[in-house]
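Below, chains carry the letters A, B, ... as their sequence lines are ordered, and counting in each starts from 1.
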Amino acid sequence: MPIVEPSLVEVQRTEQLELDGIDVSGDWNTFLRSRVHTDLDLKVLEWVRSQPQGETISRCWQCGTCTAGCCMHTDFGLEEFNPRYFIYLAQIGYEAELRKYAETIWRCVSCNKCVERCPKGVKVEEVVHSIGSYLEVTGMAKESPADRFDRAYTENLLRRGVLDEAALFQTYERLEGRKTPGRELFRLGLSMLLSGRLHTGPFAHRTRGWGKMRPVLTRLMTEDLRRRRETARGPPPGSGP
Amino acid sequence: MNPVLVVGGGPAGLSAAAELASLGAEALLVEKEGYLGGNPKRWHYSLLAPDLKPAEEVLGDLLGKVEGNPRVEVRLGTSVTAVDPAPPGFRVTLQGGKGPEGREVSAVILATGFDHFDSRRKFEYGYGRYPDVLDFKELEGMIHDDKVLRPSDGKPPKRIAWVLCVGSRDLQVGNPWCCRMGCVVSIKQAVEIRQKHPEMEAFVYYMDIRTYGLWEDLYWKSMQQYGVKFIRGRIGQITLAEGGKRLLATGEDTLLSRPTEVPFDMVVLASGMEPGQGTKRMAELFHLPVGPEGFITPKISDINPVDSGVPGLYLAGAATGPKAIPDSVTEGMGAALRAYQHARR
Ligand code: SF4
Ligand code: SF4
Ligand code: SF4
């Protein structure tokens, strides 16, 4: 039977290969990629455990109570979003599998049902976010629309210390290459004007003393990100409790 | 020699009293309820795991040695309300039907046992709200009377689920310990039901199966001979399905990594063991150390599990932690022997 799923097939080129005296050099394209998990790498686990958000990860005993009630998994039907499985992959350090969920893991809506029910006191929601952070700081996660929005949001907020919603909307449209039809734009603008959220451009609000606050905050955030990147890339931190 | 006071008339207490009598000592057996036999009697346990011997037979054996025995004075509906040291023994106050009564005793054995976890505290399982969600001690009575029927409509269930570790191994309710018998008793119940009613389907939701030691045999038989099915995952919630006619058990099948929402006609909760009210009261009265779980801590639990550390005061059965009946009976005997040695000195 021909193999129809190319992603499963490894093409191997052998310049010189003899089997039982017969020359079989050439292209071999029928090697199926191995599905065997061959390494238990504790780097992810150590990193997650070293984060304040992630320290409860080692309590997890894989009962599935969190996933059972997780609204992403059940109500919204996003089957790939499985907090128990994310934790397992992080526990055994199966990075190759974990990175497949780089786009999914951020979908948690922080309803905290999992934390409410976990019989072992795992702060599931925080741990899942921490695993997501690992994927992000190690560069395994491509920037998703949600990430781009988060970044635009933060930059917007940092500009004056108050959110400029109209500008944020514009940035979002530009980033995602979207264009809202004129009539809808008008309706949106009107409702924003009426609800007092159209303070933009020269009319934008600002926070008093923001000129002094901003550099401090920016530096803190940059340093935090750098630190997290370094710990994720560098040697695993010592084993904690 | 003054009698030895035995507090609690369950398997451990009965065994202690019977053993004291056989040694030629006098036993004063005090039980706060109006009957002897403890939790097995109260909840009409059916067959006892793992030998599937009727509970009545096992209890009957112990009761036969105690009831009517001239060396055992049984006081039902009676509690110990005060205690003072009166070396080598104690002076205790008993509160029964007739008002307080002082007694001199040469030694005391606490066999105050456990209480079943109140499953209502695990509110997401709907116990107490949905009539067809049962606690497994209630199912014991049904199996015993061969009336396994849905309380809601009196009809026999077609498909039954067991949920293990209810109120055990669960920080949300503050009970991190394992109940030790939830697995084996649930599996035993499933086997009993499949024996008598092969048309009923039995599914057990588990995290891991703890049928330790020789009990493993029953676990194997349950699958191989009786077709009991096991699903790995802890149930998250139980709700109503099919217009309230059935129950929906929602969980994750962790082997499938998928949500599972299966309708059942009956769901049985394997509620854990907590230190009994009597155990808590006696620990206070005798100033005994209790562990973080609330059970009494023996002085040296590994080499002398029946010694409290107070001269003349001994412990037996589930007062010191979850325990099966044979273990409780053995401890009752051990405590009786130690009390006898103390009283004779
Ligand atoms: S907090 Fe996130 S992971 Fe937890 S149940 Fe809600 S959506 Fe699922
Ligand atoms: S509920 Fe808690 S212990 Fe169970 S799988 Fe989820 S995180 Fe792990
Ligand atoms: S004996 Fe079984 S049901 Fe009871 S707590 Fe232990 S694992 Fe859970």
Participant: Between B/Phe230 and B/Phe203, is the gap from one ring center to the other below 6.0 Å?
Facilitator: no
Participant: Given heavy-atom pairs under 4.5 angstrom as the criterion, report whether the side chain, backbone, both or neither of A/Arg84 touches chain B.
Facilitator: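 Answer is side chain: those atoms of A/Arg84 sit under 4.5 Å from chain B.
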Participant: For the candidates B/Arg258, B/Arg232, B/Glu261, which exhibits the highest count of non-hydrogen atom pairs separated by less than 4.5 Å from chain A?
Facilitator: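 Top option by heavy-atom pairs under 4.5 Å: B/Arg258.
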Participant: When the ring planes of B/His116 and B/Phe114 are compared, do they come out parallel, tilted or perpendicular, using 30° and 60° as the limits?
Facilitator: perpendicular
Participant: Sort A/Val122 into side chain, backbone, both or neither according to what part of it lies under 4.5 angstrom from a heavy atom of chain B.
Facilitator: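 Interface part for A/Val122: neither.
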Participant: With a 4.5 angstrom heavy-atom cut-off, which part of A/Glu116 approaches chain B: side chain, backbone, both or neither?
Facilitator: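 The backbone, not the side chain.
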Participant: When the aromatic ring centroids of B/Tyr206 and B/Trp162 are compared, is their separation below 6.0 Å?
Facilitator: no
Participant: Looking at the rings of A/Phe76 and A/Phe81, which for Trp means the six-membered one, are their centres under 6.0 Å apart?
Facilitator: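 Ring-ring flag for A/Phe76/A/Phe81: false, centres at least 6.0 Å apart.
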